[in-house]
Protein chains: 2
Amino acid sequence: MKNEKATKKPVRRKLADIRKDNSDQILLVAEKVFAERGYRGSTIAAIAEEADLPKANILYYFKTKEILYKAVLGRQLGIWMQHMDAMTVDQHPRDALRDYVRNKIKQSKDHPNSSRIFAAEILHGAEFLQEKLRTDLKDQFDRTCEVFRGWIAKRWMDPVSPEHLMFMIWSSTQAYADYSFQSSIMLEKPEMTEEDYEAGVELITRLVLKGCGISLL
Amino acid sequence: MKNEKATKKPVRRKLADIRKDNSDQILLVAEKVFAERGYRGSTIAAIAEEADLPKANILYYFKTKEILYKAVLGRQLGIWMQHMDAMTVDQHPRDALRDYVRNKIKQSKDHPNSSRIFAAEILHGAEFLQEKLRTDLKDQFDRTCEVFRGWIAKRWMDPVSPEHLMFMIWSSTQAYADYSFQSSIMLEKPEMTEEDYEAGVELITRLVLKGCGISLL
DNA sequence: GTCTATACGAGGATAGAC
DNA sequence: GTCTATCCTCGTATAGAC
């Protein structure tokens with residue numbers, strides 16, 4: 001066994017574990033900072049301070065700021081897409097769409113930072129994310145559009161454009177993360193409540209279902 | 001022959017006009033750069049280069065980068081809100097909402113930069129815009145919600161939440177500017193066409209009207 | 001593996017010539 | 001009103017002690 005002498009820790013932890021814990025912690029903090037201030041607005045110093053570590057330590061784990069940012073993006077892509085997959089052509093669109101809208105808004109509530117990072121990234125041309133959009137997201141998008149087409153073929157919903165329906169659901173649900181600062185100002189409260197999100201779910205579900213000719217019951 | 005007044009412009013123009021022309025030109029270019037790269041990502045050098053002027057000239061007209069950015073924001077707020085005002089309680093919601101959606105998407109198409117600047121600003125906490133949101137936009141928002149309530153009272157539409165309906169219309173129409181990079185990737189085209197915007201108008205109008213119990217005819 | 005000190009470059013802002 | 005040269009701060013990244 002090598003390097004046994006090197007460990008000063010009383011607890012026996014593999015170096016790989018320490019590394020993973022620390023880099024997970026950094027990723028978590030970086031996600032928050034990037035979401036709040038954007039890629040260029042975020043400084044390594046700010047991330048370091050938030051993580052309560054010296055600057056150099058951040059760069060020990062992630063060699064450059066760009067590498068760290070891409071790591072954050074990559075980690076979030078799965079979270080961001082995970083619910084699209086749940087819709088299948090065998091389900092009735094009433095249930096599938098209702099669940100999707102609910103889950104997507106719940107995600108906006110629980111992980112607003114993932115959503116904001118993606119939104120900012122796309123807004124500015126998806127410089128770092130373009131390739132993943134063209135592959136991962138595009139595949140998922142096509143599969144989901146295919147499900148919508150299946151429902152239309154079964155006469156379970158009206159023949160609306162699957163692509164634009166998807167855009168509408170994405171944007172209106174994401175708004176509950178991306179524009180929540182604005183929404184809470186309009187609603188005159190310090191921040192959105194559970195009831196506000198619930199009202200959003202209800203309204204969007206209603207518009208989608210009735211709009212596509214699917215009865216609500 | 002030495003052109004005796006070569007240093008001066010041959011056309012007699014007031015200094016005030018020169019100033020206005022130049023600052024207008026700078027604002028136009030700055031709008032583009034800020035939209036593409038965000039506030040912190042934009043450099044005065046980049047704006048100067050795009051405007052084909054030296055750096056110092058930009059700062060002669062706008063003392064600081066922040067002042068320039070706020071000028072851009074202020075200039076766009078009107079454009080961004082102008083169509084909300086057009087909806088009145090006397091109109092039938094079928095016509096008013098259809099026109100609003102159409103105009104809002106047209107705006108996303110014609111002025112994508114205004115929309116992107118606002119979206120980025122709000123995403124990151126509306127640091128520079130918060131006051132204007134609390135006053136100008138909030139007032140307009142309240143008036144429009146009041147119009148919706150009037151329609152509901154007249155039984156012209158179902159009793160849906162005016163606030164969340166507004167959020168839904170804002171976000172889904174704005175997406176045609178903010179997320180157009182993503183949308184065009186999903187649609188597998190270099191950029192969105194006239195027909196794509198038209199399909200968006202149609203889908204959103206349909207969902208809003210049918211969703212609120214307003215007949216389409 | 002952790003941290004201090006520092007090199008180095010980018011970018012905002014200013015002085016002052018023309 | 002226009003522009004060159006320059007200052008200076010801030011932020012990334014590295015070297016090297018512990």
S.K.: Taking the six-membered ring of B/Tyr176 as reference, does the NZ or CZ atom of B/Lys104 fall below 6.0 Å from its centre and within a 45° cone about the axis?
M.R.: no
S.K.: Taking only N and O in the side chain of B/Asn22, is any of them less than 4.0 Å away from OP1 or OP2 of D/dT2?
M.R.: yes
S.K.: Under 3.5 Å, is there a donor-acceptor pair linking the side chains of A/Glu121 and A/Tyr69?
M.R.: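 Indeed, the side chains of A/Glu121 and A/Tyr69 share at least one donor-acceptor pair under 3.5 Å.
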S.K.: Quickly work out the B/Phe62 CZ to C/dG12 P distance and round it to whole Å.
M.R.: 16 Å
S.K.: Verify whether one side chain among B/Asp178 and B/Gln174 offers a donor that lies under 3.5 Å from an acceptor in the other.
M.R.: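 On atom types as modelled, these side chains qualify, holding a pair under 3.5 Å.
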S.K.: Provide, to the nearest angstrom, the distance between the CD1 atom belonging to B/Ile67 and the P atom belonging to C/dG12.
M.R.: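 These atoms are roughly 14 Å apart.
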S.K.: Which of the following nucleotides, C/dC3, D/dC3, C/dG1, is nearest to the side chain of A/Ala56?
M.R.: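 Of all the options, the side chain of A/Ala56 is nearest to C/dC3.
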S.K.: Tell me: NZ of B/Lys65 to P of C/dT14, nearest whole Å?
M.R.: 15 Å
S.K.: Measure from the side-chain heavy atoms of A/Pro54 and tell me the nearest of C/dC3, D/dA13, D/dC3.
M.R.: C/dC3
S.K.: Take the protein atom CG of B/Asp21 and the nucleotide atom P of D/dT2, then report the distance between them rounded to whole Å.
M.R.: 11 Å
S.K.: Using whole Å, what does the distance between atom C1' of nucleotide D/dT2 and atom CG of B/Leu53 come to?
M.R.: 9 Å
S.K.: I want to know whether A/Phe118 and B/Tyr179 have ring centres closer than 6.0 Å.
M.R.: no
S.K.: D/dT12 C1' sits how many Å from A/Ile47 CD1, rounded?
M.R.: 12 Å
S.K.: Which part of the nucleic acid, if any, lies within contact of B/Ile44, taking any heavy atom under 4.0 Å across all strands shown: a base, the sugar-phosphate backbone alone, or nothing?
M.R.: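 Here B/Ile44 touches the backbone only, sparing every base.
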S.K.: Please report the closest heavy-atom contact between B/Gln91 and B/Met87, naming both atoms and the distance.
M.R.: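 Looks like OE1-CA, 3.4 Å.
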S.K.: When you measure from the side-chain N and O atoms of B/Lys63 to the phosphate of C/dT14, is any distance below 4.0 Å, counting only OP1 and OP2?
M.R.: yes
S.K.: For B/Ile58 and C/dG11, give me the distance from atom CD1 to atom C1', rounded to whole Å.
M.R.: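 My rounded result for the distance is 14 Å.
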S.K.: Go through D/dT4, D/dT12, D/dT2 for me and flag the one nearest to the B/Tyr60 side chain.
M.R.: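 Shortest atom-to-atom distance from the side chain points to D/dT2.
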S.K.: Starting at CG of B/Asn57 and ending at P of C/dG12, how long is that distance when rounded to a whole Å?
M.R.: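 Those two atoms, CG and P, are 16 Å apart.
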S.K.: With nearest nucleotides of DNA chain C determined for A/Tyr61 and A/Lys55 from heavy-atom distances, which residue corresponds to the more 5′ nucleotide?
M.R.: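 It is A/Tyr61 whose nearest nucleotide is closer to the 5' end.
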S.K.: Assuming nearest nucleotide by heavy-atom distance, tell me which of A/Arg40 and B/Arg19 is located more 5' along DNA chain D.
M.R.: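 Closest to the 5' end, via its nearest nucleotide, is B/Arg19.
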S.K.: Nearest to the side chain of A/Leu59 - D/dT14, C/dA13, C/dT2?
M.R.: D/dT14
